[in-house]
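See structure below.
Order of the sequence lines sets the chain letters (A, B, ...), proteins ahead of strands, with each chain counted from 1.
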Amino acid sequence: MRTPHRLRAVTAALSVAALLTAGACSSDSGTAGTSTPSAAGASPAAAQSSAGDPTSEESSTAAADPTTSAGDSSAAPPATSAAAPVKDVTLTVWMQGDTLKDIDITALNKEFQAAHPGVTVDLQEQTWGEYTTKVTTGLADTSGGAPDVLELGNTQVAQFAGAGALLELSADDFDNSKTWLQGLKESATYDDKLVAVPYYAGVRVGIYRTDLAEQAGIKTPFNSLDELESAGAKLLAAHGDDGSYSGLYFPSQYWYEGISFIWDAGGEIAVQQSDGSWKGALDSPESKAGLARLKKLVDATSRGGEGQNEADDALVMAQEQAAMFIDASWKPGVVTAKEDGNPKLEGKVGIFVVPGSKPGTVMPQFLGGSDIAINAKTPNADLAKAYTKLLTGQKYQQVLAGKGYIANSTSFKPKAGDATAAIVVKAASTGRFVPNSKNWTKVEDGQVLQNMFDAVLTGSKSIDDATAEASADVTKLLNG
Amino acid sequence: MVAPLITVLALVLLVPLVRLIMVSGQEYGLDQLIGGKPVRWVGLDNFVKVLTSQDFYDALWRTVKFVVVSVALTIGLGLALAHLLAKVSAPVRVFLLLSLVTVWAMPPIIAMPIWRWLIDQRFGVLNYGLYKAGLLPTRTFNWFAEPFTGWMVITAIVVWGALPFVVISLHAAMTAVSADHVEAARLDGAGAWRVFTAVTLPAIRSTLLIVTTLSIIWNYRVFAQIWLLRDIGANKDSYYTLGIWSYVESFSNKDFGYGAAIALVSVVLLAALSAVAVRHVLRSAADENGS
């Protein structure tokens, strides 16, 4: 012990240094997390987005011809901004890349700028990975980097609306508001106030190998779930049940589609009480019946989906490991994609409407999609509204509908004779939405539904136990 | 010369830390951050919530288990490999060192997708190989279906990434062990194990201590490897370490105050641990100087 004092001093200094390093590390973990998704996005399993799965990319299959009816022409700018032309204003717009090319955003921006001299549209393309975090920081930004207009996944709207960060809107200011798709309109409404404008929707359909179905003598559409199940079992048997091949591939964490079975049986995720609070309803007899029906289907037709989510389902079909699966209507394009898919299956992948358990019914589907919202703090509210009107209005929605998207209004009808478009529109007509609470993302991020479906479908818990647990969690999180 | 350095350090370390401490004493969520609602000071409420939460003890226990296992494996394998490096011929040594440096040079964010592909449930080449070799029960084995096998994968990847530094440091320390001492011990009839414990180990003790201390600190705050893998299976909360839990509360649940409190508790625990370890290292260094 020759140098006790010096030793102590050095120890203290090093401890402080360690503390500082650790402090830096924990703030640095935030950075790591934010940069995470870009890497995760490159991995094969990360295409799923918690953003409410806004399903849409170019779909070469579906084409809807707008038999236009509703709506005044949207090209005319609103009177407010036309009256007093603004000088040198930049309107910052955050959009996801999905639709930009198909809606011809360049033309749209040119049209907007021509109608509003002195205004420049600064379009900033975003990606879905960690978009919630980016929007959070964007809306918190007071140094001029905040977006004025932004696209949000439909399940992302409620949390930002709940925090008071989105501008309240009036439906009359926008085209086709009487005929907006119900599922999208619900997602754009918070506390009975309109806080966003429906942009486009995505819906899930059955996707199947037409050649294999033909060989097995299976005809679509299916009239009921029982028919679908026996077709799946037949396709599984035709290939030979080797533990990894599926007649109908259904990954065990796939809550976006699993929830359809609960809705189909009359169940709900949660119901709002008269005092505004939420009560989980996953343990209702209806919900349990729906889950039992789903489990029967999965046990009979799906193999190797344990612990998986839906991110890779198209690849499973591309690798000829599944004869059918259920996912977004644009996924057939992923199955046959030249780069990562299997181009040999081109022309052999078809779609059908998922049938309900009662013969002749259509299974309700979760309606994914996007809404356009306006930052409550924008200094250019009128311009932002005008831009939103143009983006979601008759003219450009018609462009989107013409490219096979599910546009924001029921006024866009599928072209006569286009079977694919008819299927997609029929499936979208049943569109449902999740409980519209600002706390909903906690249920999604907390994996409550994923865990419940996983436990039930892998058999690790009984339906009673899994639903009781999940329902209690939903109640707690939605009211939290 | 010193002033700019201190300014930079203060800006990048002190400011975030002070802000973190402030937020941990507030009710601070989306309402405050983007909704413009007033910030409410809640004193130590967030800390009470952390310390009375079962989640905290679960996460802490998980973190401790992971750190103990991963550090033991890292140091054990590191010692073995460092020893191996000393025994092999020069070309093999160069090859081994190059491989190690390559692993070292690969950032976790880049390495993780590759690992994900290797262990992919359906398409992973590792799964395929193990299944063909009869080591996996099914072709479509999900490593993350059960926390135990999930943590096995995470631990393996973390150890893989941590080994190069440990091996190279220990190898460097071992080359400094006097050949005369080894020779003398041999002549006295010591076997390989005896030489290792009586001659090599005391000589590399301080390096070993420092490397172990650093490994503990690094593995305690492992983030990317767990974050980028845990979504493969269900029940992600089986993979909450203190760091992951803090991130989820802050950035998924948007409860920044609570998240900050978890981060601070975690930092204090690590600082206490580091202080003990650093003291130990210094004392052993002082003893050596004094002897």
Side-chain angles (χ1 to χ4, degrees), chain A residues 2-3 7 10-11 14-15 18-27 29-30 32-33 35-36 39-40 42-46 132-133 136 139-140 159-160 162-165 242-244 252-253 303-309 312 315-316 319 321 377 438 441-442 445-447 450-451 454-455 458, chain B residues 9 12-14 16-17 19-20 29-31 33-37 109-110 112-113 116-117 120-123 138-140 142 144-145 217 221 223-224 227-228 231-237 243 246-248 250-254 263-264 266-268 270-271 274-275 278-279 282-283 286 289-290:
Chain A
R2 286 191 341 185
T3 54
L7 179 60
V10 175
T11 311
L14 277 173
S15 308
L19 183 81
L20 282 177
T21 323
C25 295
S26 41
S27 48
S29 68
S35 54
T36 293
S43 77
T132 313
T133 307
T136 305
L139 292 175
Q159 59 175 323
F160 296 115
D242 60 3
S244 60
S252 69
Q253 288 194 50
R303 298 292 177 267
E306 294 84 7
Q308 292 282 72
N309 62 32
D312 277 346
L315 292 180
V316 174
Q319 296 282 330
Q321 292 273 298
K377 283 185 267 192
K438 68 171 175 176
T441 46
K442 293 186 189 173
D445 290 345
Q447 303 277 301
Q450 284 93 324
N451 289 345
D454 188 73
T458 60
Chain B
L9 277 180
V12 300
L13 292 179
L14 219 50
L17 188 64
R19 179 91 176 110
L20 190 75
L30 269 193
D31 284 357
L33 182 63
I34 60 175
K37 301 211 174 56
I109 301 281
I110 313 276
M112 291 327 287
R116 277 186 78 119
W117 292 330
D120 188 84
Q121 180 167 2
R122 199 173 271 272
F123 309 120
T138 122
R139 170 79 205 283
T140 54
N142 186 336
F144 282 75
I217 295 175
R221 61 178 198 84
F223 184 88
W227 185 259
L228 294 179
D231 64 313
I232 296 177
N235 296 306
K236 289 182 187 174
D237 43 4
S246 159
Y247 184 83
V248 167
S250 296
F251 297 101
S252 294
N253 294 344
K254 309 283 186 317
L264 276 177
S266 164
V267 165
V268 167
L270 180 59
S274 311
V278 166
R279 214 180 141 81
L282 286 177
R283 178 154 295 156
N289 290 340

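Ranking A:R303, A:Q321, A:K438 against chain B, the residue ahead of the rest is A:Q321, based on heavy-atom pairs under 4.5 Å.
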Step by step, would you call B:K254 with A:T136 a side-chain contact (heavy atoms from CB on, under 4.5 Å)?
CA-CA 9 Å; B:K254 309 283 186 317; A:T136 305; 3.3 Å; yes
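Summarising the geometry, atom CD belonging to A:Q308 is positioned 3.5 Å from atom CD belonging to B:Q121; distances are rounded to the nearest 0.5 Å. Atom OG1 of A:T441 and atom CG of B:L30 lie 8.0 Å apart (nearest 0.5 Å). Atom-to-atom distance recorded for B:F251:CZ and A:D445:CG is 13.0 Å, nearest 0.5 angstrom.
The two residues A:A165 and B:I34 have their closest heavy-atom pair at CB-CD1, 3.6 Å.
Legend: residues meeting side chain to side chain donor-acceptor pair (under 3.5 Å) with A:Q159, ordered by chain and number and at least two apart, are absent.
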